[in-house]
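Worksheet: the structure to be examined is printed underneath.
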Amino acid sequence: TSPLYVYKSAFAEDIHHSETNEEIYGVLSFVFWTLTLMPLLKYVFIVLKADDNGEGGTFALYSLLCRHARLCSLPNCQLADEELSEYQKDGISSISKSFLESSLKSTLEKHKLLQRLLLVLALIGTCMVIGDGVLTPAISVFSAVSGLELSMSKEQHRYVEVPAACAILVFLFALQHYGTNRVGFLFAPVVITWLLCISAIGIYNICEWNPHVYQALSPYYMYKFLKKTQKKGWMSLGGILLCITGSEAMFADLGHFSQLSIKVAFTFVVYPSLILAYMGQAAYLSKHHINETDYRIGFYVSVPEKIRWPVLVIAILAAVVGSQSIITGTFSIIKQCSALGCFPKIKIIHTSSKIHGQIYIPQINWTLMLLCLAVTIGFQDTKRMGNASGLAVITVMLVTTCLMSLVIVLCWHKSVLLAVFFLFFFGSIEALYFSASLMKFLEGAWVPIALALIFSVIMYVWHYGTLKKYEFDIQNKVSINWLLALGPTLGIVRVRGIGLIHTELVSGIPAIFSHFVTNLLAFHQVVVFLCIKSVPVPHVSPGERFLVGRVGPKGYRLYRCIARYGYRDIHKDDIEFEKDLTCSIAEFIRSERPEHITRMENDEKMTVIGTSSSNSQGVSICADGGDDHEDSSEIVSAKSPEKPRKRVRFVVPESPQIDSEAREELRELMEARESGMAFILGHSYVRAKKGSNLMKRIVINYGYDFLRRNSREPTYALSISHASTLEVGMVYLV
């Protein structure tokens with residue numbers, strides 16, 4: 001939708017049109033080469049190849065680098081995670097590395113400062129994408145509605161344009177609740193109609209007004225433009241770069257499409273349509289040098305008067321669809337950040353059960369809407385909106401270029417010289433545009449900087465607080481010798497049931513457990529230390545979902561279960577999760593053999609277990625109220641003299657046979673499952689240690705504490721009855 005506002009923004013610097021048309025031809029030349037080099041060459045043919053197992057975006061690049069250079073933003077990363085099939089797809093260790101590549105990798109792994117700088121760079125890019133999610137809908141819809149100004153006086157359209165744009169924006173964001181699958185069938189016809197429309201208008205204007213406008217595609221006109229207009233021409237680059245808005249969204253939304261579909265669609269449909277549209281506008285303007293008011297160089301003035309109203313309707317619909325794509329991209333990238341420990345846990349609604357990745361985040365949606373309305377009402381003109389949007393777009397592109405140069409060396413194992421060439425070639429073009437956008441700081445460009453600063457602070461404070469909290473857990477975990485000294489009963493009464501203790505630790509015994517044992521008179525027969533963690537890959541296959549192991553000797557009935565999710569995975573509801581969790585422990589008991597075990601930290605041993613649906617040969621759960629029989633393939637819990645309840649049984653594969661000790665352990669687990677599952681949640685109060693500096697006290701005591709109190713609880717705990725939940729508070733001094 002950028003043809004709606006590019007020329008208007010480019011000529012906003014009071015650049016007058018001469019009879020030689022050097023100014024118009026110069027802008028067209030810049031637009032053509034910018035579109036050719038940035039979205040077409042850089043993104044479609046290079047950057048799209050740097051997908052993270054089919055996912056795109058700034059954080060996907062960062063995730064890719066984390067895996068190849070072992071730079072994990074998550075504190076509970078494990079060596080066992082590198083055995084996931086998603087890791088193996090990259091062929092990380094299959095290619096011999098050059099000396100320079102090995103040196104770069106080891107330097108990044110050794111220096112924490114460089115790792116933090118890389119994380120900050122990824123966060124800046126992510127925050128600018130979020131800023132783009134605010135500014136792109138505002139400028140797209142406002143520019144589409146601006147066609148009304150040609151049919152009324154300047155005084156009148158001021159009172160119509162802004163309310164109409166605001167009404168459309170409210171409608172657009174209200175629509176997000178229903179998900180794109182409900183209205184998605186309209187998107188393709190609208191986009192195709194829009195592209196055919198601007199192509200046809202472009203061809204008409206070229207033939208009607210200036211068939212020789214193709215001469216402006218020569219790079220020589222860029223030189224003539226800058227030479228003649230000098231500083232004003234350089235400043236106008238901030239408006240010209242708006243022709244490439246949406247390039248980063250195309251990469252961020254890669255998970256919804258294939259690389260081939262994007263390449264074909266952009267190369268053979270979108271790119272030619274945009275070039276024809278810009279050439280047509282330039283052809284019209286080259287024969288109409290009236291520059292009395294700024295709207296005389298807008299998009300609609302080049303549209304034939306007879307079809308202006310239908311084009312206005314199509315433009316508004318196209319602006320809505322274009323805005324939808326960047327809003328969807330914003331939702332996706334915030335979900336990635338949250339999964340990778342760089343954004344507070346928030347409510348995420350999956351709007352489609354069939355199409356993966358279609359999500360809706362209420363808090364973010366309404367925040368974006370309010371910010372969009374504020375920008376629209378506050379600026380009320382395309383120039384300042386364009387200045388703001390331009391800086392957001394070009395900053396994200398600079399970040400992508402920097403990260404891509406590292407990907408070329410560390411992930412693609414190409415020459416360092418090739419990476420340096422990529423960085424300097426595209427980086428110099430983007431730096432030119434960036435400098436022009438930054439000069440307009442007071443004229444609207446401050447908005448994306450302010451938004452990025454706010455979101456960056458939120459992300460970094462959350463990441464820092466989460467890291468410090470995990471370090472406290474590590475330092476205060478309970479020794480295994482303390483557990484062994486208590487004996488199998490743990491010094492208290494063990495009652496029937498499963499106690500599920502949520503912890504962020506992937507090894508060792510959390511301090512909260514000793515708190516329970518020393519303060520409660522009784523505890524559950526079976527105790528599971530559950531860690532739900534994200535790993536820096538898009539998806540974890542169901543067959544590799546759980547890592548299950550023991551804590552202490554068999555008689556203690558203490559288990560550790562680590563549920564692993566990728567940053568694009570959907571977390572199951574609590575009933576399905578409970579079933580998978582119980583089955584994974586049962587399958588671990590059945591198949592516990594040394595050859596199936598992965599050695600972990602603190603000499604703990606873990607086994608990779610899939611979900612019940614992915615492991616047809618494993619233990620499964622059946623519920624019935626039937627008779628009492630038992631054979632070699634079933635393990636049924638003993639009858640309870642209490643009131644009748646639905647009986648649950650394990651269905652165990654006949655081969656290999658299990659011994660009597662494992663069978664007895666399975667029976668105990670089944671009895672505990674029938675008695676119910678209690679969820680023990682730690683409610684943490686994180687405070688800075690005495691003697692900490694002022695900045696740390698502010699960040700931890702106020703910033704992180706505020707975010708933690710307003711963030712979402714663990715996924716599985718949200719729909720659990722309060723009767724089966726025990727919440728215990730602990731103070732963390734970090």
Side-chain angles (χ1 to χ4, degrees), residues 47-95 105 108-109 115 118-119 122-123 125-126 251-259 329 331-343 345 348 350 356-357 359 403-404 406-407 410-413 463 466 504 506 531-547 561-572 580 584 598 600 606 608-611 614 715:
V47 175
L48 286 184
K49 292 180 181 178
D51 65 304
D52 185 13
N53 294 318
E55 302 297 333
T58 309
F59 244 82
L61 289 177
Y62 178 69
S63 173
L64 204 59
L65 289 169
C66 283
R67 295 210 303 279
H68 284 265
R70 292 184 181 175
L71 314 171
C72 191
S73 63
L74 298 165
N76 54 3
C77 288
Q78 300 167 280
L79 288 175
D81 297 336
E82 296 182 14
E83 297 174 9
L84 291 168
S85 56
E86 293 285 331
Y87 268 84
Q88 305 307 318
K89 286 180 183 179
D90 297 325
I92 293 176
S93 58
S94 61
I95 299 174
K105 183 173 180 280
L108 285 172
E109 290 174 351
Q115 294 177 22
L118 198 63
L119 175 62
L123 291 182
T126 302
F251 180 44
D253 287 335
L254 180 59
H256 300 272
F257 307 96
S258 65
Q259 287 185 32
F331 289 161
S332 297
I333 208 163
I334 286 178
K335 183 178 184 293
Q336 290 179 21
C337 291
S338 180
L340 293 174
C342 292
F343 200 85
K345 303 296 180 185
I348 297 174
H350 295 270
H356 182 81
I359 59 174
L403 294 178
M404 267 302 302
L406 291 174
V407 167
L410 298 176
C411 306
W412 292 355
H413 310 289
H463 177 71
T466 304
E504 298 296 329
V506 292
C531 173
I532 298 180
K533 58 176 281 189
S534 293
V535 289
V537 293
H539 307 285
V540 174
S541 67
E544 301 172 310
R545 177 72 67 214
F546 295 104
L547 278 173
C561 187
I562 301 172
R564 302 180 291 183
Y565 290 89
Y567 58 76
R568 297 275 290 183
D569 278 332
I570 301 173
H571 291 228
K572 291 185 176 180
D580 283 342
S584 69
T598 301
M600 307 291 287
M606 307 288 282
V608 178
I609 305 288
T611 59
S614 69
T715 308

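Atom OG of S338 and atom OH of Y567 lie 14.0 Å apart (nearest 0.5 Å). Note that SG of C411 is 8.5 Å distant from CG of L61, once rounded to the nearest 0.5 Å. Interatomic distance, CG of L123 versus CZ of F59, reported as 5.0 Å (0.5 Å rounding). Atoms CD1 and OG1, on I333 and T126 in that order, are 4.5 Å from each other to the nearest 0.5 Å. Interatomic distance, F343 CZ to I334 CD1, rounded to the nearest 0.5 Å: 5.0 Å. For the atom pair SG (C531) and CG (L547), the distance works out to 9.5 Å, reported to the nearest 0.5 Å.
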TODO: Show your reasoning for whether side chain to side chain contact (heavy atoms under 4.5 Å, CB included) applies to V506 and K533.
DONE: CA-CA 9 Å; V506 292; K533 58 176 281 189; 4.1 Å; yes

Task: Stepwise side chain to side chain contact (heavy atoms under 4.5 Å, CB included) test for H68 and K105 - done: CA-CA 8 Å; H68 284 265; K105 183 173 180 280; 5.8 Å; no

Open item on the list: Between T611 and S584, is the side chain to side chain contact (heavy atoms under 4.5 Å, CB included) condition met? List the steps.
Closed with: CA-CA 7 Å; T611 59; S584 69; over 6 Å; no

TODO: Give the C-alpha distance, both sets of side-chain angles, the deciding distance and a yes or no for side chain to side chain contact (heavy atoms under 4.5 Å, CB included) between L108 and Q115.
DONE: CA-CA 6 Å; L108 285 172; Q115 294 177 22; 5.5 Å; no

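The minimum heavy-atom distance linking C561 with F546 is given by the pair SG-CD2, 3.4 Å. Scanning all heavy atoms of the two residues, the minimum distance from Q336 to G56 falls at NE2-O, 3.7 Å. The two residues G57 and F251 have their closest heavy-atom pair at N-CE2, 3.3 Å. Counting all heavy atoms, side chain and backbone alike, G341 lies closest to H463 at O-ND1, 3.4 Å. Here the shortest heavy-atom pairing between A50 and M404 reads CB-SD, 3.4 Å.
Side chain of Q259 to main chain of L48: a donor-acceptor pair is present (N/O by atom type, distance under 3.5 Å, no hydrogens or angles). Here the side chain of K335 pairs a donor or acceptor atom with the backbone of D569 at under 3.5 angstrom. R564 places a side-chain N or O within 3.5 Å of a backbone atom of E544 that can act as its donor or acceptor partner.
Both tests pass for R545 against the ring of Y565: distance under 6.0 Å to the centre and angle within 45° of the axis.
For the pair L118/L403, a side-chain contact is recorded, criterion being any heavy-atom separation below 4.5 Å from C-beta on.
Side chains of S63 and D52: a donor-acceptor N/O pair is present below 3.5 angstrom, by distance only.
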